[in-house]
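In what follows, a structure is listed as structure tokens, so that the remarks can point back to it.
The analysis underlying the following values was restricted to heavy atoms, covering all of them including side chains, and did not include hydrogens, waters or symmetry mates. Protein chains get the first letters and strands the later ones, always in sequence-line order, with residue 1 at the start of each. Note that the structure is predicted; figures quoted are calculated from it, not measured.
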Amino acid sequence: MLLRTMPPQRIWLLAGYAAAAAALFCAPLVLSDFRLNLLAKFLAYAIVALGLDLIWGYTGILSLGHGVFFGLGGYAMAMYLKLNAGGGRLPDFMDWSGLTALPWFWKPFGSLTFAVLAGILLPMLLALVLGYFTFRNRIRGVYFTILTQALVIITVTLFIGQQAYTGGTNGVTGYGKLFGYSLASPDTKRFLYWVTVVLLFGAFSLCRYLVKSRFGKVLRAIRDGENRVRFIGYNPAVYQKVAFSISAGLAGLAGMLFVLHVGIISPSMMGIVPSIEMVLWVAIGGRGTLGGAVLGAILLNSAKSAFSESYPDIWILFMGALFVVVVVFLPKGAAGLFSQLKRVGRRKAADEGANGVRHPAV
Amino acid sequence: MRKNVWKSGVFVLLASMLVLAGCGKNENKAASTNEAESDSGNEIKVGILHSLSGTMAISEVSVKDAEMMAIDEINAKGGVLGKKLVPVVEDGASDWPTFAEKARKLISEDEVATVFGGWTSSSRKAMLPVFEELKSLLWYPVQYEGLEQSPNIMYTGATTNQQIVPAVSWLLENHGKRFFLLGSDYVFPRTANKIIKEQLKVESGELVGEEYTPLGHTDYATVIAKIKEAKPDVIFNTLNGDSNVAFFKQMKDAGISPKDITTLSVSVAEEEIRGIGVDVLAGTYAAWNYYQTTDTPANKTFVENYKKKYGADRVTADPIEAGYDAVYLWAAAVEKAGSTDVEKVKEAAKELEWDAPEGKVKIDGETQHLYKTVRIGEVQSDGQFKEVWNSGDPVKPDPYLKGYTWAASLSESK
């Protein structure tokens, strides 16, 4: 009964969610341990994509610096794991870089609670500080984007340079255990997969709630006409700061999950290329739609894995072709494909109707 | 209407691309389901994991080529245990997490018998936990900083006592006491210099300067000014990649020739000479275990075959040869063990000897490193090395430098 009163679009959307939930639920039954681990990594990426969509798709601020927030989260978790793997010994890279005692800022990371909080709050704080200096001064558009790139370069240089404290280019790897369970065992991996699914669902709900709320409406208003919003009496800078900070927090969360799934974090994961890649997931998936962002992260990374496994020598060309095709033909991303198809279908039906041949409506 | 035709054309292209990718994957799938184990049927699958894209591709592709050549040669002679070797190639993309992911894929999806791969220490450190977790075996073909010994890695490149330590002794004896250490800022140069500093203390050398520059750094004006001021006899160069081009060019521009200050590099081989330019390098030294000019019967055929297969303009170099060795050593160990089982292969590999292009090599059962002959070479004007010193017999590998009392502080911490 309820279904009948709903607009068809909404029914499709619900069906889509149901299908996605079912797919995620069944994945552990069908996929091998390796593939499940990959999927879990993609789901972590999807959380970054959600955050980016919030700031770019809904607020119109393009950040090419989310790799930094992702990396900070990753390092927080990696520090916790490394400290617990060492059994009280100094992490190996400190040893060969000439440190003899644990630096003070490493010490609290021995606690999981602290590490998890730091992994989310540090990126949020950094975003807030950056936002404070930029949005207040009405630094927008491409200028803001350039600043985020600068943030990436500064952070990566810092992390590579401070080898004794960060592991340098190698990053931090070789962990072993999480709450006493081996990270390597399939059971732990499955457990972490479910954690990721739950957190992705949580992040999705949070973003959906934000987007539907008055807060979300203001964000969209800022995207479409910042000055108008200001003239009405809102202070856009506050909204931008908050959105940017939430987005950074989600990236940090994803970074922590990434480390748990992959077992390594290095400065290359927060560099310029990954930061741009993250934006691509959203662009390809469809910005301004939360489902699109998630879809984009999963599809693109699956394609990357599939291409690189089948054609290790030339897979990059395939990825390039994929980007070109999507940008040229699906300006609204994969999520826009459905509405595009519908439009084509409607036009076709109209054409045929004019020719006197009528098919039953789809 | 025309636009539509164009559009559908590209869609067809995209679709066929996806189908192609799908096919490629299915082939892999079919292969792995038909052969539940890597050595059942008539084939043995082996993994090859190097960076085929990204910044490291320029170095690593040659190693991949040498490993593929070794596999082809072995197959032409009838394979291993009467079975053909089938290489499964993956791209590490110069990205350390990707190395970990692809290693996992090769071991658990393709179920390869062993993996040959890696170049940078970072990539090895990223792969190490995966190989230990899945109890597989990695053959790592590049000289490195030592202080590591994983039961799941075979190290076919030199460790520090087969490259750096003898090179320092040779320099002290022949070229002077005052050392200036210059390196890229990452684990290999840092660890190498830590060792050199200890060694200088006991062998009565003198450290007059130590500088690190970020990977990819290209401005050496300040460093060269410091060198001029410190007036060293010797520059021990652990710079990596492009930085070498900038450093040597700017040294020449500053009017410092290799005759004024002896320079010895540990990351500049034949292939790097081609990139940097022989005009600025001629007269400098390098320490390796193998040169293209190394005079052994095995090397003659190796160089000949490599050039025939990949082009006369290609050169061979130490890591390329170490990659080639790795495949042959693994194959010999499998033949001896009569199985591809990792533990059995490791057992059979102990004290295994082979006449490599670099001369006789032997796997040290204790450390899983190779006995290797140390060679110091001088760059000639044709871009090749002339060997000026060698250790005579192959040197026993000692990754933790346990045999050197002055290195106690380095090895005890681990």
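Side-chain contact check for A:Thr173 versus B:Pro129: some heavy-atom pair is nearer than 4.5 Å. A heavy-atom distance below 4.5 Å is not found between the side chains of A:Ser266 and B:Ser122. Counting heavy atoms from C-beta on, the side chains of B:Pro97 and A:Ser268 come closer than 4.5 Å. In this structure, B:Val187 and A:Phe93 have side chains that are not in contact, with every pair of non-hydrogen atoms separated by 4.5 Å or more.
Here CD1 of A:Ile264 is found 9.5 Å from OG of B:Ser123. Values are rounded to the nearest 0.5 Å. Considering CD of B:Glu109 and CG of A:Leu38, their distance stands at 8.0 Å, rounded to 0.5 Å. The CD atom of B:Glu90 sits 5.5 Å away from atom CD of A:Glu309, with the distance rounded to the nearest 0.5 Å. Note that the CZ atom of B:Arg104 and the CZ atom of A:Phe34 stand 8.0 Å from one another [nearest 0.5 Å].
In terms of heavy atoms, A:Asn170 sits closest to B:Ser121 at OD1-C, 4.2 Å. Scanning both residues, A:Gly161 and B:Asp185, for their nearest heavy atoms gives O-OD2, 3.8 Å. Here the closest heavy-atom approach between residue A:Pro312 and residue B:Asp91 is recorded as O-CB, 3.6 Å.
With a 4.5 angstrom heavy-atom cutoff, A:Thr100 does not touch chain B via any of its atoms. In this structure, no portion of B:Leu128 lies under 4.5 Å from any heavy atom of chain A. Neither the backbone nor the side chain of A:Leu183 has a heavy atom closer than 4.5 Å to any heavy atom of chain B. For A:Asn37, the part sitting under 4.5 Å from any heavy atom of chain B is the side chain, from C-beta outward, and nothing else. The contact between A:Phe258 and chain B is made entirely by side chain atoms (from C-beta outward), counting heavy-atom distances below 4.5 Å. Contact of B:Ala93 with chain A is made through the side chain alone, with heavy-atom distances under 4.5 Å.
Between the side chain of B:Trp96 and the backbone N or O of A:Met269 there is no donor-acceptor pair closer than 3.5 Å.
Between A:Lys189 and B:Glu133, at least one side-chain N (NZ, or NE/NH1/NH2) sits under 4.0 Å from a carboxylate O, which counts as a salt bridge. Using a cut-off of 4.0 Å between Lys/Arg side-chain N and Asp/Glu carboxylate O, B:Lys64 and A:Asp313 are scored as salt-bridged.
More than 12 heavy atoms of other residues, nucleotides or ligands sit less than 6.0 Å from atom CZ of A:Phe323. Within a 6.0 Å radius of OH in B:Tyr310, more than 12 heavy atoms belonging to other residues, nucleotides or ligands are found. More than 12 heavy atoms of other residues, nucleotides or ligands shown are found within 6.0 angstrom of NZ on A:Lys41. Residue A:Ile276 places its CD1 atom among more than 12 non-hydrogen atoms of other residues, nucleotides or ligands, all under 6.0 Å distant.
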Salt bridge (charged side-chain N to carboxylate O under 4.0 Å, His left out) between B:Glu101 and A:Arg35, worked out: CA-CA 10 Å; B:Glu101 178 197 320; A:Arg35 295 287 167 208; over 6 Å; no

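In the model, A:Ser308 has a side-chain atom that pairs as donor or acceptor with a side-chain atom of B:Lys102 under 3.5 Å.
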